[in-house]
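Working notes for the structure below.
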Amino acid sequence: HRLFVPVYLGALTLAHLAVNLIWLAGDGWDVSRIPDGFVHASSALHLSSGLATQGGDSLGCLRDVHSFYPVLAHLPRAAAAAVVGLSPTVLRVANLLYLVVLLIGVYKLGRLCLDRRGGLLAATLVSLMPAVYGGSRQLGLDFPALCLTPLAVHLLLRSDGFARLGYALA
């Protein structure tokens, strides 16, 4: 009974993974033809090689990325590329970490505003939105921003007007 929510949200994530892998298998996307995608892919590549070679100072490679885009958004992609190997598919499938954050954030908002069933319904509905489905395969910063917003709103609501500082600072 207590494991239902994590199992359900995990099943939603796995369904996204399966559909994205099917879509990506037939995709002829060339990162070099999309300037913005190329910038994001090269940042993830630089971070990936830095994570693999920096040893104890593995986050020291963040200082070496020269991009006007926020670098931390590329860390999940870089970590996936360092572990699994670099490919456009790996970089795009790494967005599933952001999807998990989105589903948890929306579930927690729905649970806070309604109840457990409302949270599950909200997470299901948001996972079926075309912007979520399409954005989960892109290298830009829009999808990470979309995914982090519900969790941020949930934490701000839980802070009770900043009276509970731990939630507000998270």
Side-chain angles (χ1 to χ4, degrees), residues 1-27 29 36-37 40-41 43-44 47-48 51 58-59 62 69-84 87-170:
H1 184 65
R2 289 176 45 147
L3 292 177
F4 179 75
V5 171
V7 168
Y8 184 81
L9 296 179
L12 281 176
T13 304
L14 288 176
H16 262 270
L17 173 63
V19 171
N20 277 345
L21 287 175
I22 291 168
W23 189 87
L24 290 170
D27 185 25
W29 184 68
D36 195 41
H40 295 302
S43 293
L47 284 174
S48 173
L51 288 174
S58 60
L59 294 181
L62 292 174
Y69 291 114
V71 177
L72 291 177
H74 298 299
L75 267 180
R77 298 171 187 144
V83 171
V84 180
S87 77
T89 300
V90 169
L91 292 177
R92 295 191 289 173
V93 169
N95 275 343
L96 285 179
L97 176 65
Y98 288 117
L99 179 70
V100 169
V101 172
L102 172 70
L103 294 178
I104 290 170
V106 169
Y107 167 74
K108 287 187 170 287
L109 269 177
R111 191 181 72 186
L112 185 66
C113 295
L114 296 172
D115 58 7
R116 182 173 165 236
R117 286 181 27 212
L120 289 172
L121 178 63
T124 303
L125 290 176
V126 80
S127 76
L128 296 173
M129 295 179 75
V132 171
Y133 172 69
S136 66
R137 295 185 307 268
Q138 303 302 321
L139 288 179
L141 301 178
D142 300 338
F143 189 69
L146 167 80
C147 294
L148 294 172
T149 302
L151 188 60
V153 170
H154 167 73
L155 291 171
L156 285 175
L157 288 174
R158 291 289 309 262
S159 75
D160 293 328
F162 295 100
R164 298 168 74 186
L165 208 51
Y167 284 110
L169 293 175

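Worth saying up front: this structure is predicted, and the values here are computed from it rather than measured.
A94 pairs by the side-chain contact (heavy atoms from CB on, under 4.5 Å) definition with R77, A80, not counting sequence neighbours. Under the ring-ring contact (aromatic ring centres under 6.0 Å, His included) criterion, F4 pairs with Y8, sequence neighbours left out. Looking at residues two or more places apart in sequence or on another chain, you find a side-chain contact (heavy atoms from CB on, under 4.5 Å) between L21 and L17, T89, V93. Legend: residues meeting side-chain contact (heavy atoms from CB on, under 4.5 Å) with V100, ordered by chain and number and at least two apart, are T13, I104. V101 is linked by a side-chain contact (heavy atoms from CB on, under 4.5 Å) to L148, L151, counting only residues two or more places apart in sequence or in another chain. Residues forming a side-chain hydrogen bond (donor to acceptor under 3.5 Å, both in side chains) with R158 (at least two apart in sequence, or on another chain): Y167.
Minimum heavy-atom separation, H154 to L112: ND1-CD2, 4.0 Å. The minimum heavy-atom distance linking S136 with N20 is given by the pair OG-ND2, 3.0 Å. Counting all heavy atoms, side chain and backbone alike, L102 lies closest to P150 at CD1-CG, 3.6 Å. Across A123 and V106, no two heavy atoms sit closer than the pair N-CG1, 3.6 Å.
In this structure the side chain of L146 never reaches within 4.5 angstrom of the side chain of Y98, judged on heavy atoms. Inter-residue side-chain proximity for R92 and F143 is flagged as unmet; no heavy-atom pair is nearer than 4.5 Å.
Contacts classified as salt bridge (Lys or Arg N to Asp or Glu O under 4.0 Å) and involving residues 7-22 (residues at least two apart or in different chains) are not found. Sorted by first and then second residue, the side chain to side chain donor-acceptor pair (under 3.5 Å) pairs with a member in residues 106-120 form an empty list; sequence neighbours excluded.
The distance from atom CG of L14 to atom CG of L9, rounded to the nearest 0.5 Å, is 11.0 Å.
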Side-chain donor-acceptor pairs under 3.5 Å in residues 126-133, sequence neighbours left out?
unit_1	atom_1	unit_2	atom_2	d
S127	OG	T124	O	2.7
Y133	OH	R137	NH1	3.4

